[in-house]
Amino acid sequence: MSSCKLTSLDGASITLERQEIHDSFAGEAVFPDSSGYDEARSLWNSMADRRPGAIIRVASEQDVVNGVQLASRHGLLLSVRSGGHNIAGKALCDGGLALDLRALNSVDVDSKQRHARVGPGATLGDVDSATQVHGLVVPTGINSTTGIAGLTLGGGFGWTTRKYGLTVDNLRSVRIVTADGRVRIADRSEDPDLFWAVRGGGGNFGIVTEFEFALHPLGPNVFAGMIVHPLSAAATVVPQYEAAVAAASDDLTCWTVLRKAPPLPFLPAEWHGKEVLVLAMCFIGNPDDGAAAVEPFQSIGTPVAESVGPMPFVDWQQAFDPLLTPGARNYWKTHDVRTFSREAVRIIQQAVETLPSDECEVFFGHVGGQMTRVDPVATPWPNREAHFAVNVHTRWRKPSDDAGCVEWARKLHKALSPHAMGSFYVNFIPDGDEGLVAQAYGPNFDRLRELKERHDPRNIFRANINIA
Ligand SMILES: Cc1cc2nc3c(=O)[nH]c(=O)nc-3n(C[C@H](O)[C@H](O)[C@H](O)COP(=O)(O)OP(=O)(O)OC[C@H]3O[C@@H](n4cnc5c(N)ncnc54)[C@H](O)[C@@H]3O)c2cc1C
């Protein structure tokens, strides 16, 4: 059997016998000359065009242990892929050994004890469908195809954050393979420092092979939907929206999305493709109270269409999937925001009037509630005071549009900086902005750096938003 070339931690080329790689894993090894290589290296964001020297379709926790030991023994560059959604494409490395954990996607629910053990390859959809059978939920994000692993390791927020906290606030324990190739269980009493670090510190501290989450009651029906306004009404709608969310209970979360209207079935055809401001809301209390809870949002301005009502939570969790399919080119820039000044709204409206492609959008992810009641040093997630995570999401198809789209996002992001809080969500950091990691973690960065030094002194786990 032939050899293969892999990149080392210091960028040199190392030749290994393929037999050594095959012998190390129960799962399949895919090399650059294998027929399935391009499929195996495709990520959600097609801007990330990385070519690992070998991709292992991991079959068990033991494969993860063997992967870390192999990488450690030879000093190989190593990357870890779960859902493959990371905007910076950190799930793969160029030239190194890539561990693909997608097959480890089990979700075991203990409805009596109200906890779930989840494999790192599970998507949010896998988690929702297994937990909603019992009328329970793990608080996660808003798109069913996102990986639970990367989302959790960065923090995780969505429709249930205001009532139940961030995803990391609901993490009870992890099984994790650390840089020494050992499997550890970390929780509040066992390896508490390591447990603190993984609740927001990304993949810097090891490879998680199982997450244990607390479960909460929810649904299966929620009261959810969208109200659509013309973008031109932003100056009057946004202040009223802010007043309505400030008065809302933790059961109600309402995001704002500014973009060209997709052909939503309830939206009159003349609005398809026009610039709109969409209030997207989800009330997770008793659905019978839903109509009263969303009424303040229905009273805002003069909408052009609306569709709000009871529906299964699992359906609402997939409502935005058609706009977030894999394979497009994407670039994000993000800010934490407390409140939208009149000038900030004007800047955003003007930018959305000149979108560089039809699929771009700006969203205000509404957070707060239970998230704010946790000590800012209890996990690495530093800014629990933000009311909105604002994401400038540029999305397009042709590589020739790369420069224009990236420039549009950067320009809008820079113009908004004086109106933002200075912190931002680590999971929304794009490729090239890794230098902002200290700013993202703010006061928690020094502790993360100390723990990184202790748990991974060689920085084996560096294919991530790296704490070097
Ligand atoms: C369409 C879309 C919607 C999103 N919506 C939300 C949202 O509503 N809320 C929210 O909070 N975030 C959201 N995100 C951001 C999301 O949290 C991040 O993209 C996250 O990195 C996705 O995790 P993943 O497992 O899919 O990613 P991957 O790309 O597989 O991994 C992300 C990072 O984590 C590391 N990693 C992955 N698995 C492991 C593991 N088992 N052990 C150690 N390290 C690991 C990887 O090496 C990589 O650095 C969204 C992203 C997308 C693309």
Side-chain angles (χ1 to χ4, degrees), residues 42-48 50 58 61 64 67-68 78-93 96 98-102 104-105 118-127 139-161 166-168 174-179 197-198 200-211 253 255 280 282 317-318 320-328 330-332 334 361 363 365-367 371 381 389 391 393 395 425-431 434 456 460-467:
S42 71
L43 294 173
W44 180 82
N45 184 4
S46 70
M47 282 281 273
R50 302 225 157 87
V58 165
E61 183 180 76
V64 176
V68 171
L78 178 69
S79 64
V80 186
R81 180 213 182 106
S82 285
H85 267 217
N86 180 253
I87 187 68
K90 298 294 182 186
L92 297 177
C93 55
L99 302 182
D100 180 339
L101 309 189
R102 278 179 287 182
L104 308 185
N105 62 352
V118 180
T123 62
L124 305 193
D126 294 331
V127 177
T140 62
I142 65 139
N143 165 238
S144 77
T145 61
T146 304
I148 188 74
L151 177 131
T152 303
L153 293 167
F157 68 93
W159 302 114
T160 48
T161 306
L166 297 167
T167 308
V168 280
V174 289
R175 284 178 71 88
I176 181 167
V177 181
T178 44
V198 298
N204 278 283
F205 299 91
I207 303 179
V208 175
T209 54
E210 185 181 88
F211 298 88
T253 298
W255 290 29
C282 181
Q317 281 286 79
Q318 295 169 36
F320 296 93
D321 289 4
L323 300 176
L324 298 168
T325 49
N330 295 267
Y331 183 79
W332 294 354
T334 183
E361 65 184 27
F363 72 71
H366 176 210
V367 286
M371 178 184 112
W381 180 289
N391 201 18
H393 178 180
R395 183 175 163 91
Y425 183 26
V426 69
N427 269 355
F428 288 176
I429 294 179
D431 197 24
E434 293 81 354
D456 183 18
I460 285 178
F461 303 116
R462 65 177 66 181
N464 43 47
I465 298 300
N466 197 227
I467 298 161

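In listed order, ligands and their atoms are each counted from 1.
There is no side-chain donor-acceptor pair under 3.5 Å between Asp456 and Asn204.
Electrostatic pairing of Arg175 and Glu61 counts as a salt bridge here, judged by a charged N lying under 4.0 Å from a carboxylate O. We find that Arg462 and Glu434 are not joined by a salt bridge, their nearest charged nitrogen and carboxylate oxygen being 4.0 Å or further apart.
Panel note: side chain Asn464, backbone Ser79; no donor-acceptor pair is recorded below 3.5 Å.
Near ligand 1, residues Trp44, Val80, Arg81, Ser82, Gly83, Gly84, His85, Asn86, Lys90, Ala91, Leu101, Pro120, Gly141, Ile142, Asn143, Thr146, Gly147, Ala149, Gly150, Leu151, Leu153, Gly156, Phe157, Gly203, Gly206, Ile207, Val208, Leu324, Trp332, Tyr425, Asn427, Phe428, Ala463, Asn464 each place a heavy atom inside the 4.0 Å sphere around the ligand atoms.
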- Message: Apply side chain to side chain contact (heavy atoms under 4.5 Å, CB included) to residues Tyr331 and Arg395 and explain how you reach the verdict.
- Response: CA-CA 7 Å; Tyr331 183 79; Arg395 183 175 163 91; over 6 Å; no
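Results of the side chain to side chain donor-acceptor pair (under 3.5 Å) test with His85 over Thr123, Asn45, Thr146 single out Thr146 as the only residue that passes.
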